[in-house]
Number of protein chains: 2
Amino acid sequence: MAEAKPTSGRVTLRDVADVVGVTPAAVSMALRGSSRIGKETTERIRAAARELGYVTNSAGRALRAQRSGSIALVVPNTSQHVFGHSYFMHLLVGVSEVGDSRGAPVIISTSVVAEHGINAYERILRSQVADGAIVASAAAQDRDLESLVASGLPVVLIGRSVTLPDAVWVGVDDEAGGELAARHMIEQHGARRIVHVSGPLDHQSAIDRLEGCRRASAAAGLPEPRVIQGDFSEASGVAAGRTLLADGLDGADAIVAANDEMAYGLMRELGAAGVSVPDDLGLIGYDDFGLARVTTPGISTIRVPAELIGRRAASELFGLLDGREPAHRHVLLPVELIARGSCGCPTPAQHD
Amino acid sequence: MAEAKPTSGRVTLRDVADVVGVTPAAVSMALRGSSRIGKETTERIRAAARELGYVTNSAGRALRAQRSGSIALVVPNTSQHVFGHSYFMHLLVGVSEVGDSRGAPVIISTSVVAEHGINAYERILRSQVADGAIVASAAAQDRDLESLVASGLPVVLIGRSVTLPDAVWVGVDDEAGGELAARHMIEQHGARRIVHVSGPLDHQSAIDRLEGCRRASAAAGLPEPRVIQGDFSEASGVAAGRTLLADGLDGADAIVAANDEMAYGLMRELGAAGVSVPDDLGLIGYDDFGLARVTTPGISTIRVPAELIGRRAASELFGLLDGREPAHRHVLLPVELIARGSCGCPTPAQHD
DNA sequence: TCTCCCTGCTTCATCGTTGAAGCAATCGCC
DNA sequence: GGCGATTGCTTCAACGATGAAGCAGGGAGA
C-alpha cells in the first residue's frame, strides 16, 4: 500500500484534522481515545494519522502539559576519573531500561558549567528539559548539589549521602561491603595485618568502605589497618603498590582495595616486583564492573549491582514525579562477595 | 546577598518582566542582547533574571524555534550483545563532549519499539525530541534504518554502510584493520595457516574485517583462511575455541579474531585445554575498548578510536543541522595496531 | 518649522497541543 | 410529544518564547 508519508515537513494535528475534516482538538481527543469522539470518526482519524506519519510534537505537548516527559542522568565530568566508565555504563543501562518502559527519553548530562549563577543541575530541571534528575555526584560535599536538593526539585542521588539527609538516594551498603571484604581476608585466609588502599576520602563510598574495613579488623581484635589513600584510578593503585614496596611490607598479609581498578594496578606493580598475588599477599577489590573477572588471577571483589542501582534510582524518581512520597527516602542495596583467585580462594568456574 | 530564588514554581519571562516593569518581549530581547533595548533597562532585566533564577523554558523555546536543540544517540537494544557496553560508552563520551560544547543535551535511546507503524528512530525525530540522531545500528540491512535515511531527516550512522550509499556515516576502515591484523601475523610471526573467527556476517564490520583478513592472506600467497563465525560475544569465542579443538588445529598457527571479546573467550578455552597463546598459537583481536589490555597475556589488537568516532559523528550531525552539506558524506577513520603479548610480540611497557 | 530617523519599548501573532466549556442534533423516557 | 440527557463535535484559551511590526518621543537635518 502507498504510505504517503511526507518525507519532510512536520505533520501536525492540524494536518491530520484537515484530511479528516475535523478540528485539531477532535484529532487530539481521538488519538488519546476519548469517548467523546465517535467510533467511526476515531477510526478515520487514526487511519489518517498513521497514513501521514503523525507524531505528537513533544515541545507542544510539554508546553501544554508543563512536563517534558524526560528524565536526566547527570554525571559531573569533573568526576570522570572517579566514576569509571563501566560504572556509569551499568547505571545508564538500568536507568534507560526503566525510562524506556515508561516511554521517557533519558538525557545524559555531563556538563557542569554554571551560567548566570545557576548550576548545570538546576538549569536542566528549571529549563524543563527534564522533569527530574538522577545525579551521580562524586564528592560527599557538593555545594551545587546541596542547593539543588534544597530547591525541592525531583532529584534522586546515586550513593549514600550523609550531608544531605533530606535527599532521596539509592546506594549500596559500602560499610557492609568493606567489612565483608576484610572479614573474608581475616576469616577465610587468616589475614592478621591488613592494608587498606582507599579511595579519595572526600568521597562517601571511600569513607564507608574504609570504615567497614576498620570495623572488621576491630571485631577480629586486629590492629587498625594501614591506610594508603588512592583516588580509585589504576595509576593510584600502582602508586600504592610502589609505596608499599618502598616502605617494606612489614608483615602485611592482605590488601583490601576500595575498588578493582586500584586492585589491578596494585597487582601489576607487585607482580612486576616479584611479589605474587595471592601467594605472597592476598588481595581483594571492590565493584566488579568487568575488570576483575578477566585479569589473571581474577580479582576477588565485592560486587556492586550498578544496573540495579540505576533501575532503582529511576523507579524512585518516577515515584517522585508521580507525586508519591517514597516509602523510604534512602535505599541501601546489599553487596555480594565474589571470590576469585586474588584472595587465595580456588579459582572458580569460568562463568563467574 | 539574598538570592531570592524561588525554590519551586517556574519562573517565566513574564515573572521577570513584572519585576522590572516591562513586557516579556522586552525581557526576551534583553536577555538575547538585542540592541533595541536600552542599556540601563537591559542591566536591570539581567539582574532581575539572575535574582529570580530565570531559565528559558525549553519547551516554549523549542515550540517557537521549531527545533529542540537536542541530539539523540540511538542504539537499538536488540544489538546489545553486538555493541558491547564499552564501545557504546566510548561513543557516548565522544558524542556528549561535542554535544556539551554546543549546549545540546544528548538523549539516549535504546528503545526500538515500533508504534503505529512508525519506528523508534523516526519517532524521536518527528516528535522533535531531538533535532538529529546518531544511529549505531548493528545490522548491515535494517529496514527501519533505510526508511529513516530515506526520509531525509538529519541522521549520521555509525559504521560503514554499503546498502545506504546516500547516508552520512562515520566508521572505521575495517578492511584495512582486518588486513593489518592478518598481515602482522603473517609478516611478523610467520603465520601460514590463519583461522579467522568472524563476527556475525550480517554485520558490515564483521564482513569487512573478514575481507581484510582474506586480502592479506591472498597477498601473501596463502590459502583462504578458515572462517569460524561467531557473534562478537565472549561465549562465541569460547565456542569457536571448542570447535577448533574438536576439529584439530590442523596446522593452524594464528587466529585473527574479529573482536577482543571473542579473542578472550578463545584464549581462555584454548588455555584450559593446554594450548598456549602465543606459544602454540598466535592470537590477535580487534577493538581495544579496554579488555585487551588487562588480560594475561595482553591481547594484541586493532584499536578502534570509538571516542573519536563519536566526536566526529556528532560534528557531522551538527553540520547537517546547520544546513552545511558535508564535504564528504562518508568518513572512514584509520585504525592502529596495538601489539601486546598474544600475537607473540614481546610484552610492552605497562602504560599501553 | 516640518519631516525623517532613531531609540526604546509595546503589541501582536504564532509555534502545537489539549483541557474546558459550548452547542447542535439525537435519543430515551414518562 | 415534550423535556432532560447524551453524543459528537466545535470553539476557546492557555502553556512560554520570540520575531515582526507598531508606535510614542526626542533629536537632527533641510
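Letters go in sequence order (proteins before strands), and every chain restarts at 1.
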Are B/Thr41 and C/dC9 close enough that a side-chain N or O sits under 4.0 Å from OP1 or OP2?
yes
Taking side chain as C-beta onward, heavy atoms only, is A/Tyr54 less than 4.5 Å from A/Asp15?
no
Are any of the side-chain nitrogens in B/Lys39 or B/Glu43 under 4.0 Å away from the carboxylate oxygens of its partner?
no
Do any N or O atoms from the side chain of A/Ser315 and from the backbone of A/Arg311 form a donor-acceptor pair under 3.5 angstrom?
yes
Between CG of B/Leu317 and CG of B/Leu157, what distance do you get to the nearest 0.5 Å?
11.0 Å
On DNA chain D, reading 5' to 3', which nucleotide is the first and which the last to sit with an atom under 4.0 Å from a heavy atom of chain B, could you check?
D/dG16 to D/dG22
Indicate whether the side chain of B/Ser147 and that of B/Glu122 have a donor and an acceptor atom separated by less than 3.5 Å.
yes
Under 4.0 Å from any atom of DNA chain C, heavy atoms only: list the residues of residues 59-68 of chain B that qualify, in numerical order.
B/Leu63, B/Arg64, B/Gln66
Run the side-chain contact (heavy atoms from CB on, under 4.5 Å) test on A/Leu31 and A/Thr56 for me, step by step, so that the C-alpha distance in whole Å, both residues' side-chain angles and the decisive distance to 0.1 Å come before the verdict.
CA-CA 10 Å; A/Leu31 293 179; A/Thr56 307; 5.7 Å; no
Apply side-chain contact (heavy atoms from CB on, under 4.5 Å) to residues B/Leu125 and B/Val155 and explain how you reach the verdict.
CA-CA 9 Å; B/Leu125 293 181; B/Val155 171; 3.8 Å; yes
Looking at A/Pro165, is its backbone amide N or carbonyl O close enough to the side chain of A/His330 to form a donor-acceptor pair, meaning the two atoms are under 3.5 Å apart?
yes
Would you mind reading off the distance between B/Met29 atom CE and C/dC9 atom C1', rounded to a whole angstrom?
8 Å
Decide yes or no on side-chain hydrogen bond (donor to acceptor under 3.5 Å, both in side chains) for B/Asn57 and B/Thr12, but give the supporting numbers first.
CA-CA 7 Å; B/Asn57 179 308; B/Thr12 70; over 6 Å; no
Measure the distance from CZ on B/Arg36 to P on C/dT11 and round it to the nearest whole Å.
16 Å
Nucleic acid contacts of residues 12-26 of chain A, taken as heavy-atom distances under 4.0 Å to DNA chain C:
A/Thr12, A/Leu13, A/Pro24, A/Ala25
Output for pair (B/Ile158 CD1, B/Leu73 CG), nearest 0.5 Å, gives 7.0 Å
